[in-house]
Amino acid sequence: MIDHEERRLDGNAIGGLLREIFAMEMTAAVGTCAACGAVNVVGRVHVYIHAPGTVVRCPDCEAVLMRVVRGKGRYWIDMTGVRSLEFAAG
Ligand SMILES: [Zn+2]
């Protein structure tokens, strides 16, 4: 199903991007996959940086958790695949 294994990075690859968006460290944030219910820290998710944006997949079922596109001074974030996101208050 996934043929981009060689391009796969871990969640630390989106640490900087998420810090820009949420204005806090997010690699220790915990997300729940809407597809399979797996709970993983952001640092453990699978990240694919290609196409027009960044795709984050569940390490348990490979469903898309999050898609982030950045351009023209704006961010577009699709978090349909994340049932919940929990992180420490700043
Ligand atoms: Zn999943």
Side-chain angles (χ1 to χ4, degrees):
M1 183 175 105
I2 304 300
D3 60 359
H4 300 293
E5 289 285 324
E6 75 284 359
R7 293 189 191 167
R8 194 176 84 199
L9 304 170
D10 71 20
N12 294 302
I14 53 165
L17 181 61
L18 293 180
R19 203 177 306 110
E20 288 176 31
I21 296 166
F22 291 96
M24 60 178 70
E25 177 57 46
M26 294 296 288
T27 51
V30 176
T32 302
C33 175
C36 77
V39 177
N40 284 290
V41 294
V42 170
R44 244 201 101 219
V45 299
H46 293 169
V47 177
Y48 299 85
I49 298 174
H50 57 83
T54 300
V55 175
V56 179
R57 289 182 179 273
C58 174
D60 289 85
C61 76
E62 287 293 332
V64 174
L65 295 172
M66 192 185 302
R67 285 179 289 176
V68 182
V69 176
R70 179 183 166 185
K72 296 182 180 174
R74 304 182 71 83
Y75 293 101
W76 179 86
I77 308 169
D78 175 354
M79 294 185 63
T80 310
V82 181
R83 185 185 299 160
S84 67
L85 188 62
E86 178 186 337
F87 49 91

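Please read these numbers as outputs of a predicted model, since none were measured by experiment. Start at 1 and go down the list; that is how both ligands and their atoms are numbered.
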Which pairs would a plain distance check flag for residues 21-29, meaning a side-chain donor or acceptor within less than 3.5 Å of a matching protein atom at least two apart in sequence or in another chain?
unit_1, atom_1, unit_2, atom_2, d
Glu25, OE1, Arg19, NE, 3.2
Glu25, OE1, Arg19, NH2, 2.9
Glu25, OE2, Thr27, N, 3.1
Glu25, OE2, Thr27, OG1, 2.3

Inset, instruction - With 2.8 Å as the limit, jot down which protein N, O or S atoms are around the Zn ion (ligand 1). - result: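 Counting only protein N, O or S atoms under 2.8 Å from the Zn ion (ligand 1), the list reads Cys33 SG, Cys36 SG, Cys58 SG, Cys61 SG.
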Legend entry - Approximate separation, where rounding is to 0.5 Å, of Glu62 CD and Cys33 SG: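 The distance works out to 10.0 Å.
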Inset, instruction - Could you check if a side-chain atom of Met66 sits within less than 4.5 angstrom of a side-chain atom of Val42, using non-hydrogen atoms only? - result: no
Residues 68-75, side-chain donor-acceptor partners within the protein, below 3.5 Å, at least two apart:
unit_1, atom_1, unit_2, atom_2, d
Arg70, NH1, Glu20, OE1, 3.1
Arg70, NH1, Glu20, OE2, 3.3
Tyr75, OH, Glu20, OE1, 2.1

Legend entry - Closest contact, heavy atoms only, Val47 versus Gly11: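 In terms of heavy atoms, the two residues are closest at CG2-CA, 3.8 Å.
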N/O donor-acceptor pairs under 3.5 Å from side chains in residues 80-90, not counting sequence neighbours:
unit_1, atom_1, unit_2, atom_2, d
Thr80, OG1, Asp78, OD1, 2.4
Ser84, OG, Thr32, OG1, 3.2

